S.K.: 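Structure below; questions to follow.
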Amino acid sequence: MEVRTHRRAAGTPRTMAERAGRRCCLGWDFSTQQVKVVAIDTELSVFYEDSVHFDRDLPEFGTQGGVHVHKDRLTVTSPVLMWVQQHGSVYWKAGASLTLSNLSPALPLHQQLQACFSISDCPVWMDSSTTAQCRQLEAAVGGARALSCLTGSRAYERFTGNQISKLFQQNPEAYSHSERISLVSSFAASLFLGGYSPIDYSDGSGMNLLHIQEKVWSQACLDACAPHLEEKLGSPVPSCSVVGAISSYYVQRYGFSPGCKVVAFTGDNPASLAGMRLEEGDIAVSLGTSDTLFLWLQEPMPALEGHIFCNPVDVHHYMALLCFKNGSLIREKIRDESASGSWNKFSKALQSTEMGNNGNLGFYFDVMEITPEIIGHHRFNAENIEVSAFPGDVEIRALIEGQFMAKRIHAEGLGYRVMPKTKILATGGASHNKDILQVLADVFGAPVYVIDTTSSACVGSAYRAFHGLAGGTGVAFSEIVKSAPHPSLAATPSPGASQVYEALLPRYSELEQRILSQARGPLE
């Protein structure tokens with residue numbers, strides 16, 4: 001069994017497992033607004049799924065969109081007793097471990113755990129109130145790049161080390177009364193174990209505290225955040241670790257088998273990498289409201305952009321994550337302006353224009369982009385002269401080529417390289433458009449596959465459970481999931497594509513730097 005958080009839905013699988021009468025692994029996915037669970041049998045077939053929507057199904061917590069937004073509009077929290085998110089921290093009050101190990105099967109969890117936490121509302125991934133603590137952490141270790149080299153990321157407001165630092169500074173009494181600090185992932189595992197679960201390497205990589213290459217807490221980062229922090233966190237473990245047997249509470253109250261094992265919980269991004277079954281050299285591209293890349297890396301090259309985590313299915317490798325805010329909304333806007341709102345016309349424009357767009361390049365950022373920090377529309381002709389407009393079909397190809405060239409450039413900045421066996425797994429709304437996927441294949445020089453990943457974190461959690469039970473670090477994850485449904489081939493690189501884009505990529509990168517320099521001004 002492998003789960004990823006919390007209290008209430010734990011009862012759901014009891015009758016399901018009894019009805020099914022089969023051995024299975026459970027995968028749990030706690031998003032901002034709901035919790036989902038799937039059950040997967042030994043043939044890797046999903047045979048049960050369910051969900052609980054927090055606002056609708058748990059109105060007693062008074063959340064909107066699964067959270068509480070505070071008056072400063074920066075602080076965003078969620079009730080621990082209904083907790084959901086990644087990049088969060090749970091503060092167990094002194095004595096809570098005794099309560100956790102002596103739960104009564106006659107009572108629900110939330111009634112017994114109400115007095116177990118030093119703070120009842122904890123920060124979630126949407127919280128952005130720790131900028132001061134971020135700057136303090138970076139300064140303590142020698143700057144943002146030094147922190148990235150240690151922990152895989154520069155300091156981020158939502159990352160747990162900075163949240164802990166803020167709590168210690170503003171509420172030292174609550175901090176001193178906390179005997180254990182968990183991530184939401186390890187908090188959930190603790191509930192199922194009836195004791196404190198360790199933090200796994202992958203989710204621990206999203207804290208600005210873990211030395212990602214040595215797989216231990218960075219003492220410099222710990223010291224910069226709060227005193228005695230290491231003893232409150234416990235030692236991190238490989239993501240495929242079996243962390244113990246299920247608590248007798250679940251055996252007696254919900255009918256779980258006493259032999260049920262719990263594999264270390266992890267975050268949703270690492271779980272999604274497992275659910276999409278990425279292998280060495282692969283890349284996953286999610287084309288949604290924001291565009292997201294997951295990358296499998298052998299050796300990381302930490303940078304000031306993006307994130308590098310320990311790989312959840314291979315303890316010797318890494319994963320990288322890049323997020324781009326300007327995704328589907330700008331694609332839809334250009335579709336409306338240049339293709340009369342028609343995806344069919346949009347596709348025909350891609351079909352009728354040549355690879356490389358005759359040297360015309362475009363940058364389209366309706367909102368301030370994350371990678372890089374640019375806003376506005378910028379168009380350049382083949383002579384690198386900025387122009388005010390393109391013809392409609394040129395505009396469409398410039399948009400799509402530009403989006404994918406940016407993704408490749410910034411992925412390579414984190415150490416990613418296209419390999420002969422590289423495949424791209426595409427998901428999200430735009431992955432249904434074969435002409436957009438053709439440009440993706442051409443720009444990256446790799447075949448593109450599509451896969452149903454509506455529950456990728458859930459399914460990936462269950463896959464990881466099978467991996468952990470099979471021996472984890474001693475067994476290749478690819479062997480465990482080889483019988484899972486295969487993705488479908490959607491596009492292969494066009495002849496000559498590599499020559500076209502190998503010439504364009506340096507130009508695009510140089511123009512991006514020119515725009516960035518102009519935006520920052522002469523004083524920066």
Side-chain angles (χ1 to χ4, degrees), residues 1-4 23-29 38-46 152 185 189 198-206 212-213 215 236-243 261-286 293-300 307-321 415-416 419-425 427 446 449 451-453 455-487:
M1 172 182 166
E2 196 277 345
V3 261
R4 294 197 323 116
R23 180 174 176 267
C24 69
C25 283
L26 302 182
W28 301 74
D29 177 20
V38 301
I40 294 182
D41 62 21
T42 53
E43 303 299 317
L44 300 189
S45 297
V46 176
S185 54
I199 293 171
D200 82 294
Y201 292 164
S202 288
D203 212 14
S205 305
I212 60 170
Q213 293 185 313
K215 312 292 193 294
V237 298
S239 302
C240 57
S241 301
V242 176
V243 292
K261 303 295 184 184
V262 180
V263 173
F265 297 11
T266 194
D268 66 340
N269 290 319
S272 292
L273 180 142
M276 298 177 75
R277 306 193 305 284
L278 261 65
E279 298 178 353
E280 183 182 347
D282 286 351
I283 181 171
V285 181
S286 176
L293 268 69
F294 298 140
L295 311 166
W296 182 298
L297 298 176
Q298 275 193 332
E299 289 295 333
H307 310 289
I308 293 179
F309 303 106
C310 297
N311 192 301
V313 299
D314 188 323
V315 71
H316 302 295
H317 289 176
Y318 300 85
M319 67 171 285
L321 173 68
Y416 174 81
M419 302 167 61
K421 64 177 183 177
T422 291
K423 60 181 180 294
I424 300 173
L425 294 165
T427 70
Y449 294 79
I451 187 170
D452 177 16
T453 56
S455 300
S456 61
C458 252
V459 171
S461 294
Y463 288 167
R464 290 182 53 256
F466 279 112
H467 186 217
L469 295 173
T473 57
V475 180
F477 180 73
S478 57
E479 280 297 305
I480 301 300
V481 297
K482 63 184 179 183
S483 63
H486 293 288

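Small disclaimer: the values here were computed from a predicted structure and weren't measured. Sequential numbering from 1 along the given sequence is applied to the chain's residues.
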S.K.: Look up atom CD in E43 and atom SG in C24, then write down how far apart they are to the nearest 0.5 Å.
M.R.: 13.0 Å
S.K.: Kindly write out the residues that satisfy side chain to side chain donor-acceptor pair (under 3.5 Å) with E279, not counting sequence neighbours, or none if the list is empty.
M.R.: none
S.K.: Could you pull out the closest heavy-atom pair between C25 and A465, with the gap in Å?
M.R.: SG-CB, 3.6 Å
S.K.: Give, for atom OG of S205 and atom CG of L321, the distance between the pair rounded to the nearest 0.5 Å.
M.R.: 11.5 Å
S.K.: On a heavy-atom basis, which atom in T473 and which in P238 lie closest, and how many Å separate them?
M.R.: CG2-CB, 4.4 Å
S.K.: Out of the candidates I424, I451, T427, only one should pair with P487 under the side-chain contact (heavy atoms from CB on, under 4.5 Å) rule; please name it.
M.R.: I451
S.K.: Output all residues satisfying side chain to side chain contact (heavy atoms under 4.5 Å, CB included) with E280, sequence neighbours left out; order by chain, then residue number.
M.R.: W296, Q298, H317, M419, K421
S.K.: Mind checking the CZ-OG spacing from F294 to S456? Nearest 0.5 Å is all I need.
M.R.: 6.5 Å
S.K.: Which residues satisfy the ring pair (Phe, Tyr, Trp, His ring centres under 6.0 Å) test with F477, sequence neighbours excluded?
M.R.: H467
S.K.: Rounded at 0.5 Å granularity, tell me how far OG in S286 sits from CG in L425.
M.R.: 11.5 Å
S.K.: Is any side-chain heavy atom of T266 less than 4.5 Å from a side-chain heavy atom of S185?
M.R.: no
S.K.: Check side chain to side chain contact (heavy atoms under 4.5 Å, CB included) between V46 and all other residues, then give those that pass, not counting sequence neighbours.
M.R.: V38, I40, E49, V459
S.K.: Using the side chain to side chain donor-acceptor pair (under 3.5 Å) criterion, which residues pair with S239? Sequence neighbours excluded.
M.R.: D200, S202
S.K.: Residues two or more places apart in sequence or in another chain: which of them pass salt bridge (Lys or Arg N to Asp or Glu O under 4.0 Å) with K482?
M.R.: E479
S.K.: Could you go through residues 307-314 and list every donor-acceptor pair under 3.5 Å that involves a side-chain atom there, pairing it with any protein atom two or more places apart or in another chain?
M.R.:
unit_1, atom_1, unit_2, atom_2, d
H307, ND1, S153, OG, 2.9
H307, NE2, R158, NH2, 3.1
N311, OD1, V313, N, 2.9
N311, OD1, D314, N, 3.2
N311, ND2, Y318, O, 3.3
D314, OD1, H316, N, 3.0

S.K.: State, to 0.1 Å, how close P270 and G267 come at their nearest heavy-atom pair, and which atoms those are.
M.R.: CD-O, 3.4 Å
S.K.: To the nearest 0.5 Å, tell me how far I283 CD1 sits from T422 OG1.
M.R.: 8.5 Å
S.K.: Does the side-chain contact (heavy atoms from CB on, under 4.5 Å) test come out yes or no for Y201 and V315, once each step is laid out?
M.R.: CA-CA 8 Å; Y201 292 164; V315 71; 3.8 Å; yes
S.K.: Listed by chain and number, what are the side chain to side chain contact (heavy atoms under 4.5 Å, CB included) partners of P198, not counting sequence neighbours?
M.R.: V237, V243
S.K.: Determine whether a donor-acceptor pair (N or O, by modelled atom type, separation under 3.5 Å) exists between the side chain of Y416 and the backbone of P300.
M.R.: no
S.K.: Quick check for you: to the nearest 0.5 Å, what is the distance between Y463 atom OH and M276 atom CE?
M.R.: 11.5 Å
